[in-house]
Engineer: 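Here it is, the structure, as C-alpha cells.
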Amino acid sequence: EVTGLVKEDVDLKHGSIKFAGSRLKASRCIPIGEDLARVARQYVAWQRRNGAHSEFFYSRLDGKEISPRALRAYFERVRRRAGITGYRESSQRPCLRDLRATFVVHRITSWIKSKGDLNRMLPAMGAYIGNVGLESMDRYLQFTPERFQSALNKLSPQKYHTNWRENLTLL
C-alpha cells in the first residue's frame with residue numbers, strides 16, 4: 001500500500017494519509033502522529049534537495065515508483081545488516097509484512113494492560129489497517145501472548161460445541 005501512495009494522499013499539515021482500496025484492503029483515511037509527520041516532512045525536504053520529482057510520495061530519485069519487490073529486498077538487506085534472525089531456531093526470517101502484525105499485537109497488548117474495551121477497539125483497529133471484516137482480526141489475537149488469554153476469553157468466550165471426542169458417552 002505504501003509504495004503506491006501519491007503525494008495528494010499524504011496531508012502532513014493535518015496529519016493524515018488516504019489509502020485507496022484494493023482487492024484485499026478497504027479504502028480509508030488514517031491519522032498519523034506528529035513524530036511520523038515530522039519524519040515525513042524531513043523526507044519531502046530531502047526529495048526536494050535531491051531533485052526527485054514524482055507523483056508518488058515515496059519514489060526513486062528518478063521519480064519512478066518504488067516497486068514492492070525492491071522495498072522487500074531493501075528490508076531484507078537492512079534486516080541482515082542489523083543481525084535480526086528468525087525466532088530462536090526458526091528457519092523463517094522476519095519480513096516486511098510482519099511489521100503490521102507486530103504493530104497490531106502491541107496495540108492489543110497495550111489495550112489489555114490498560115483494561116481497554118476490546119469489543120470497541122478491535123473493529124477500530126481493523127478499519128485502521130484496512131481489514132474488511134472483524135474476522136480478519138482473529139489472526140492477530142492468535143499472536144497475543146498467552147498471559148492475556150483470560151482477558152481474551154472474556155471478550156470471546158469459547159462456544160460450547162459438542163465434539164464427539166470430548167463426549168465419552170458417544171465413545
Engineer: Output yes when E76 and R80 qualify as a salt bridge under the 4.0 Å nitrogen-oxygen rule, no when they do not.
Structural biologist: yes
Engineer: Hey, is CD on Q92 packed in by over 12 heavy atoms from elsewhere, all under 6.0 Å?
Structural biologist: no
Engineer: Among the clusters formed by ILVMFWY side chains lying less than 4.5 Å apart, do L36 and V44 turn up in the same one?
Structural biologist: yes
Engineer: Would you check if the side chain of S27 reaches a backbone N or O of A20 as a donor-acceptor pair within less than 3.5 Å?
Structural biologist: no
Engineer: Treat each ILVMFWY residue as a node, draw an edge where side-chain heavy atoms are under 4.5 Å apart, and state whether Y43 and F19 are in one component.
Structural biologist: yes
Engineer: Rounded at 0.5 Å granularity, tell me how far NE2 in H53 sits from OG in S59.
Structural biologist: 10.0 Å
Engineer: When you measure from the side chain of S110 to the backbone of H106, do you find a donor-acceptor pair of N or O atoms at a distance under 3.5 Å?
Structural biologist: no
Engineer: So, R79 side chain and C95 main chain: donor-acceptor pair closer than 3.5 Å or not?
Structural biologist: no
Engineer: Indicate the atoms forming the closest heavy-atom contact of P123 with L118, along with that distance.
Structural biologist: CD-O, 3.9 Å
Engineer: Are I84 and F103 joined in one hydrophobic group, where the rule is that I, L, V, M, F, W and Y side chains link up if heavy atoms are under 4.5 Å apart?
Structural biologist: no
Engineer: Compare every heavy atom of D98 with every heavy atom of R93, then report the nearest pair and how far apart it is.
Structural biologist: O-OD2, 4.2 Å
Engineer: Atom CG of D11 and atom CD1 of I32: how far apart are they, to the nearest 0.5 Å?
Structural biologist: 8.5 Å
Engineer: Mind checking whether R100 and E1 have side chains closer than 4.5 Å, heavy atoms only?
Structural biologist: yes
Engineer: Between atom OG1 of T3 and atom CZ of R72, what is the distance when rounded to the nearest 0.5 Å?
Structural biologist: 9.0 Å
Engineer: Using a 3.5 Å distance criterion without hydrogens, assess whether the side chain of N50 forms a donor-acceptor pair with backbone atoms of A52.
Structural biologist: no
Engineer: Can you name the nearest heavy-atom pair linking Y140 to V105, along with the distance?
Structural biologist: O-CG2, 3.7 Å
Engineer: Consider only side-chain heavy atoms of I, L, V, M, F, W and Y, link residues closer than 4.5 Å, and tell whether L99 and M125 are in one cluster.
Structural biologist: yes
Engineer: Would a hydrophobic clustering, with Ile, Leu, Val, Met, Phe, Trp and Tyr connected at side-chain separations under 4.5 Å, put M121 with I129?
Structural biologist: yes
Engineer: Roughly how far, to the nearest 0.5 Å, is CZ of R28 from OG of S16?
Structural biologist: 12.5 Å
Engineer: Salt bridge or not between E34 and R41? Use side-chain N to carboxylate O under 4.0 Å.
Structural biologist: yes
Engineer: Considering all heavy atoms of both residues, which atom of K18 and which atom of L5 are nearest to each other, and what is their separation?
Structural biologist: O-CD2, 3.5 Å
Engineer: Run the numbers on F57 and D9 for side chain to side chain contact (heavy atoms under 4.5 Å, CB included), then give the verdict.
Structural biologist: CA-CA 8 Å; F57 186 77; D9 291 336; over 6 Å; no
Engineer: For the side chain of R60 and the backbone of E65, is there at least one donor-acceptor N/O pair under 3.5 Å apart?
Structural biologist: no
Engineer: Sort out for me which residue in Y58, Y74, F56 forms a side-chain contact (heavy atoms from CB on, under 4.5 Å) with I66.
Structural biologist: Y58
Engineer: Answer yes or no: is there a side-chain heavy-atom contact under 4.5 Å between R38 and L12?
Structural biologist: no
Engineer: Hey, are the side chains of V39 and D35 touching, using non-hydrogen atoms and a 4.5 Å cut-off?
Structural biologist: no
